[in-house]
Colleague: 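The structure is given below, and queries will be raised subsequently.
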Number of protein chains: 2
Amino acid sequence: MLFWAMDIADLIARDRPRFRTATAFVEAVLREAILTGALPGGTPLRQEELAAGFAVSRMPVREALRQLEAQALVDFTPHKGAVVTDISAGEAADNYAIRAALEPAALRLSVPRLTNADLDQAEALIGEMDAEDDLARLGELNRRFHLTLYARAGRPRLIALVEQHLAAADRYLRFHFAALGRDHMAQSEHAALLAAARAGDAEGAARIAQAHVETAARNIEAFFARR
Amino acid sequence: MLFWAMDIADLIARDRPRFRTATAFVEAVLREAILTGALPGGTPLRQEELAAGFAVSRMPVREALRQLEAQALVDFTPHKGAVVTDISAGEAADNYAIRAALEPAALRLSVPRLTNADLDQAEALIGEMDAEDDLARLGELNRRFHLTLYARAGRPRLIALVEQHLAAADRYLRFHFAALGRDHMAQSEHAALLAAARAGDAEGAARIAQAHVETAARNIEAFFARR
DNA sequence: TCTATCAAGATTGGATCCAATCGACAATCA
DNA sequence: TGATTGTCGATTGGATCCAATCTTGATAGA
């Protein structure tokens, strides 16, 4: 049977129609499962097992796995199969190095063009984060807050890259929160980031964002060192 | 028939054994063809045609196309097929924005740990570029020069991202060189970059690299504006 | 006891076949 | 005449089957 075998029937009934092809559906569900931690790093992904779980043949599964491989979410070895990429200290360091470079760049482009509606939405998201306790929701809100501030960068590929790495970082944050509880420091940094954005200070916002990511990187690094 | 139908037989005989699977082979050849411009942007990629050209079934072709899609080298539309991503001004701007952010970051990590052998190799590559006239070779040398300086960053995913976008940039550079001829300015910037690296000045190298990428971005932008 | 070899089962890679979808063009109706 | 519908060819999506490869465990030999 499958890990979330009980929910999969509902999932198919609910979400499958939203996708044009079975490949797209399988890919979306697997990515979600990996990013939320439902499929932990190191889990082997047997094609036949997944195909049975999704009630499709092995082929859409194979194509979905290929795409996940290109997103560095699974490791593919010829004739051995796919394994969920495990979250090592090295992987985390890479992720944060990339984000520390990309997110300030996105802000420099986006901040001067943000509308009041964008800024209000970002502020609302900070409020929601204060009230939210569920980790999965918190990660989602955090991502949406940051992406709202990057929305006007006008560089779709750049933003897609940021989004991808932001989502991957949720896997580390899960550890982080589990170890540290709620991160009040991050919330005050979010407020500072929003204030800079509202003031139209792109350079200041970029600096805060870089420091924000680097702080998170140090936290995770310390966590891995203790473990 | 296939675009490079005459060479494909030799290619199979020579390079196919170097790959464990047909999928990997097809993917490598297609990527090379796209990046070198042999397959220009907008070219539709029919699965059956490619399969016949590579003397395989449609399945490895499909898997290869999925991976190329995740690398933004082809656009995939359900039930319509794959098309080589065309090089627009927007795509180029994205590429350069990403590189302008990532390459300085790579240098800050790598420069302090470069060995004399690394630096000598980079210098040798500059010499080779002076002597080389073939555009394809020039792009390859340019890429190797930059990657040599990033080699000690110790962030494999970051470097892989840089490598991928550096390779994609060759498609724009092809236009650039075609329009402008050899770029002497870039060569002197390479020399300045190497000098900073030799002096152990990571920050200075990062600044030069960022300016280097931004200059290239402006050149390409101007080219697209004229066209 | 340790190592090497080999055979069987499991699992993936690749080929072929069928179904679903799209595009274009012709036919029909307002 | 113009819009709509329907049909056919082309092309992709998905299922099933076979081949190639890996893993595991048993067996033989030193």
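We name chains A, B, ... by the order of the sequence lines, and we start the count at 1 in each one. As a basis for the values below, the full set of heavy atoms in this structure was taken, side chains included, without hydrogen atoms, waters or symmetry mates.
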Colleague: Checking A:Glu69 now: which residues fulfil side chain to side chain donor-acceptor pair (under 3.5 Å) with it, not counting sequence neighbours?
Modeller: B:Gln67
Colleague: Listed by chain and number, what are the salt bridge (charged side-chain N to carboxylate O under 4.0 Å, His left out) partners of B:Arg157, not counting sequence neighbours?
Modeller: none
Colleague: Just N and O in the side chain of B:Gln47: are any of them under 4.0 Å from OP1 or OP2 of D:dA10?
Modeller: no
Colleague: Specify the separation, in whole Å, of atom CZ of A:Arg46 and atom P of C:dG13.
Modeller: 11 Å
Colleague: For C:dG14 and B:Thr23 - does any side-chain N or O of the residue sit under 4.0 Å from the phosphate oxygens OP1/OP2?
Modeller: yes
Colleague: Quick check: do A:Glu103 and A:Leu166 have side-chain heavy atoms less than 4.5 Å from each other?
Modeller: yes
Colleague: Can you name the ring pair (Phe, Tyr, Trp, His ring centres under 6.0 Å) partners of B:Phe145, sequence neighbours left out?
Modeller: B:His190
Colleague: Do any N or O atoms of the protein come closer than 3.5 Å to N or O atoms of nucleotides 5-7 of chain C, and which pairs are they?
Modeller:
none

Colleague: In whole angstroms, how far is the P atom of D:dT12 from the CG atom of B:Leu50?
Modeller: 9 Å
Colleague: Not counting sequence neighbours, which residues clear salt bridge (charged side-chain N to carboxylate O under 4.0 Å, His left out) with A:Asp75? List them please.
Modeller: none
Colleague: Using a 4.0 Å cut-off on protein heavy atoms (strictly under), produce a 5'-to-3' string for nucleotides 17-24 of chain C with B for base contact, S for backbone-only sugar-phosphate contact, and - for none.
Modeller: ----SSS-
Colleague: Please enumerate all residues that pass salt bridge (charged side-chain N to carboxylate O under 4.0 Å, His left out) together with A:Glu27, with sequence neighbours excluded.
Modeller: A:Arg31
Colleague: Using atom CG of A:Asp75 as one end and atom P of C:dT12 as the other, report the distance to the nearest whole Å.
Modeller: 15 Å
Colleague: Check the angle between the aromatic planes of A:Tyr172 and A:Tyr96 and answer parallel, tilted or perpendicular using the 30° and 60° thresholds.
Modeller: tilted
Colleague: Got a sec, which residues hit side chain to side chain donor-acceptor pair (under 3.5 Å) with B:Glu140, two or more places apart in sequence or on another chain?
Modeller: B:Arg143
Colleague: For DNA chain C, whose closest nucleotide is more 5', that of A:Ala82 or that of A:Met59?
Modeller: A:Ala82
Colleague: Calculate the interatomic distance between B:Phe19 atom CZ and C:dG13 atom C1'; express it in whole Å.
Modeller: 16 Å
Colleague: What's the CD-C1' distance between A:Glu48 and D:dA15, to the nearest Å?
Modeller: 12 Å
Colleague: Salt bridge (charged side-chain N to carboxylate O under 4.0 Å, His left out) with B:Arg46: which residues, sequence neighbours excluded?
Modeller: none
Colleague: In chain order, what residues pass the side chain to side chain donor-acceptor pair (under 3.5 Å) check against A:Gln47, with sequence neighbours excluded?
Modeller: A:Arg58
Colleague: Which residues in residues 66-74 of chain A have a heavy atom closer than 4.0 Å to any atom of DNA chain C?
Modeller: none
Colleague: Going by the side chain to side chain donor-acceptor pair (under 3.5 Å) test, which pairs reach into residues 158-169 of chain A, not counting sequence neighbours?
Modeller: none
